Amino acid sequence: MVDNRVTFGSKLGVILATVGCAVGLGSIWRFPYMLGTNGGAAFLLIYILFMIFLGIPVMVTEFFIGRYSRSNTVGSFKKMAPGTKWCWIGYNGILAAFLILGFYAVVSGWTLEYVWQTVNSSLYSTPGVDFTTGFDNFSSNALRPIFWTAVFIGLTHFVIASGVEKGIERASKIMMPLLFFILVVMCVRSVTLPNAEAGLVYLFKPDFSKLTSSVVLSAVGQAFFSLSLGMGCLITYSSYFGKDTNMLATAWQVTIINTFVAVLAGIMIFPAVFSFGIAPSAGAQLVFITLPNVFEQLPFSSLWSLIFYILLAMAALTSTISLHEVVTAYIHEEFRMTRKRAAWLVSIGVFILGILSSLSFGLLKEFTIGGLIFFDALDYLTAKIMLPLGGMLTCIFVGTRVDKKILKAELTNEGTIKFRLFFIYVFFMKYVSPIAIGIVFLNELGLLDQLKKLF
Ligand code: TRP
C-alpha cells in the first residue's frame, strides 16, 4: 500500500507514544482501586496472567490491523473487510473512547486540584481535616472538580487542536523516568511504615476464596484498560508506525513496563493503607486519600507531592490525548469535518459527560444506573464490557478473515525479524483469547452456573 501518511520519527518515538498512551491513571489510580475492591492478591495474580496471555496477543493483533491497513479504527475494518459489519468493532471503540474520557477527565482534574492544594499548602496544613474528609469535601463540591475537569479537557483540546503531541512525547522522555523514580521512593517509604507487612500480605498472598466471577471480570477489564486495548486506540497509533517498527518487541515491552508500574503502585499504596488504617475498598478515592499520608512522612513533603501530582497529570494527559485523538480523527476523516471543529465537538461532549460524572459524587449521588453512580456506570460499561468485547471481536476478525501468510509477513516485517512463537500466538489469538473472554462474560452473567446445574 503506497501512501504518504505521517509516521513516527524514530524507534524511541514509537515506544514513547505507545507507553504514554498506555501508562496513565490506569496503572497508578485504577489498579490499586480495583485491587482494593476485589479482595487483594488473588486479583493481582489473575491480572498478571491476563496481561501476559490476553494482553500481549490482543495488542499484537491491534498493531497488525493498524499498520497493515494504515487508517483509523473504523476505516481499518472497512478497508480490510469492505461492505461487512466488522466496522462495528470500530464504532464500539469510538464510543468507548468517548465514554472513558467522560470519567477519566474527572480523575485527571483531581490530580490538578492536588497540584493546586500542594502549591497553596492547604493540603498539608488544614487543622482538624484529615485527607479522607478533605477529599470528600472536595469531590462532593458542585463546582470545584468540574472546574478542574474543564481545565484538563482544555489542555487535551489544546494539544490535539494545535498538534503539539510531538513536544509532549519528547517531554515524557524525561518525565516518565522521573515518575518512575518517585514511585520507587514512595514504595520504600511505604514499606518502612509501621504495620506495612499487613499491606504486603494483602497485595501478594492470594486468598483464593475471594476469587469470584466479578473479580475475574474486573481483572480482565483492568488488563484491557491499562493496556489501552479493545477500542482501537492502538490500531490508530500503529497506523503511524514505520515499516521497520518491531511490533512484537513493542508489545511485550509496553506490557512489561505497564505491569511493572502497576505493581509498584500497589507496593506504594497498600502498606500505607494498612499503616494508616484506611479501608482498602475505599473505592475511586483510594489513591487520593492514601498518598498525602505517605508524602507527609517524607522530608520536603510538599516538594515530592508537587512533583508527583504534576507528573501524574502529565501521564494522564498522554492518555487523554490518545483517547481524544481516536474520536477526533474518526469524525475528521469520516465526516469531512475540519480537525478543529471535530476536536471541539469531542471536547464539548466529553465535558458534558464529565459534569455528570463529577456530580455523581455529590449532587447526583442518588441517581444510579443498575445500582451504580454515573461515574461508576461509565467505568463499568467501558472497561468491563465494551473493551473486552471489542478485543474478543478483533481477535475473531483477524482469526477468521486474515490469511496467516499476510499476518506473518506483516508481523515479521516481511521476514526480517524472527517470530518463533508465531503458531502459539495464532493459537492464542484465534482460540484462547476469544474463548477466555467469552467464558468470563458467561460466568459473570451467571450462565455458567445454570449450565453446570443442567449437567
Ligand atoms: N491505558 C490508559 C491508562 O492506563 C488509559 C487509556 C488510554 C485507555 N487510551 C485508552 C484505556 C484506550 C482504554 C482504551 O491510564
Side-chain angles (χ1 to χ4, degrees), residues 16-35 47 50-51 54-55 58-59 62-63 66 72-73 89-90 92-111 152 156 159-160 165 168-169 172 176 179 183 218-238 251 254-266 284 287 311-330 346 350 378-392 394:
L16 282 180
T18 316
V19 169
C21 158
V23 177
L25 297 173
S27 15
I28 298 168
W29 156 75
R30 198 174 183 278
F31 171 76
Y33 145 43
M34 280 294 133
L35 190 125
Y47 164 74
F50 281 142
M51 288 293 264
L54 215 73
V58 176
M59 190 182 287
E62 289 202 15
F63 282 168
N72 68 50
T73 320
I89 302 177
N92 172 67
I94 308 270
L95 184 63
F98 183 66
L99 299 178
I100 289 173
L101 271 177
F103 69 91
Y104 202 94
V106 173
V107 183
S108 308
W110 295 348
T111 64
F152 207 91
T156 311
V159 175
I160 295 284
E165 282 104 327
I168 303 276
E169 269 145 33
S172 62
M176 285 287 171
L179 180 64
L183 281 179
S218 301
V220 171
Q222 178 59 23
F224 273 82
F225 189 93
S226 76
L227 290 176
S228 310
L229 295 175
M231 46 119 338
C233 203
L234 297 181
I235 293 182
T236 308
Y237 268 49
S238 55
V254 171
T255 306
I256 286 181
I257 294 175
N258 216 15
T259 312
F260 201 59
V261 171
V263 173
L264 279 183
V287 172
L311 294 174
L312 190 58
M314 287 304 302
L317 186 63
T318 51
S319 299
T320 53
I321 292 170
S322 74
L323 291 158
H324 199 299
E325 175 66 32
V326 169
V327 192
T328 303
Y330 166 70
V346 178
V350 167
L378 283 185
D379 180 297
Y380 190 99
L381 177 65
T382 51
K384 296 188 191 168
I385 299 175
M386 297 174 85
L387 301 181
L389 191 67
M392 178 169 135
T394 305

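Quick caveat: nothing in here was measured; it's all calculated off a predicted structure. We count ligands from 1, going down the list as the structure has it; atoms in each ligand are counted the same way.
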Before you tell me yes or no, could you show the steps for R30 and D379 under side chain to side chain contact (heavy atoms under 4.5 Å, CB included), namely the whole-Å CA-CA distance, both residues' side-chain angles and the distance that decides it to 0.1 Å?
CA-CA 10 Å; R30 198 174 183 278; D379 180 297; 2.6 Å; yes
With side chain to side chain contact (heavy atoms under 4.5 Å, CB included) as the criterion, how do F225 and L387 come out once you've worked through the C-alpha distance, each side chain's angles and the decisive distance to 0.1 Å?
CA-CA 7 Å; F225 189 93; L387 301 181; 4.3 Å; yes
Which is it for F63 and L234 under the side chain to side chain contact (heavy atoms under 4.5 Å, CB included) test, yes or no, and what are the steps along the way?
CA-CA 6 Å; F63 282 168; L234 297 181; 3.9 Å; yes
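With a 4.0 Å heavy-atom cut-off, ligand 1 is reached by the side chain of I100 but not by its N, CA, C or O.
Residue L387 approaches ligand 1 through these ligand atoms, each under 4.0 Å from one of its heavy atoms: 13 (C). Every atom of ligand 1 is numbered from 1 in the order shown, and the set under 4.0 Å from a heavy atom of S226 is 1 (N), 4 (O). Shown in contact with S322 at under 4.0 Å from a heavy atom are these atoms of ligand 1, numbered in order with element: 7 (C), 9 (N).
The protein non-hydrogen atom at the shortest distance from atom 15 (O) of ligand 1 is Y104 OH, 2.4 Å.
Across the listed options F31, F225, F224, F225 owns the non-hydrogen atom lying nearest to atom 1 (N) of ligand 1. Ranked by closest heavy atom to atom 2 (C) of ligand 1, the top entry among G26, A22, G24 is A22. Compare R30, M386, M231, Q222 by their heavy atoms: the one nearest to atom 14 (C) of ligand 1 is in M231. Selection from S228, G390, G20 by nearest heavy atom to atom 6 (C) of ligand 1 gives S228.
Exactly one of L323, I100, L101 qualifies for a side chain to side chain contact (heavy atoms under 4.5 Å, CB included) with V350. That residue is L101.
Side-chain contact between F152 and L317 is present, with heavy atoms from C-beta onward closer than 4.5 Å.
Side-chain contact annotation: T320 with H324, donor-acceptor N/O pair under 3.5 Å absent.
The aromatic rings of W110 and W29 sit perpendicular, their planes meeting at an angle over 60°, well past the 30° parallel limit.
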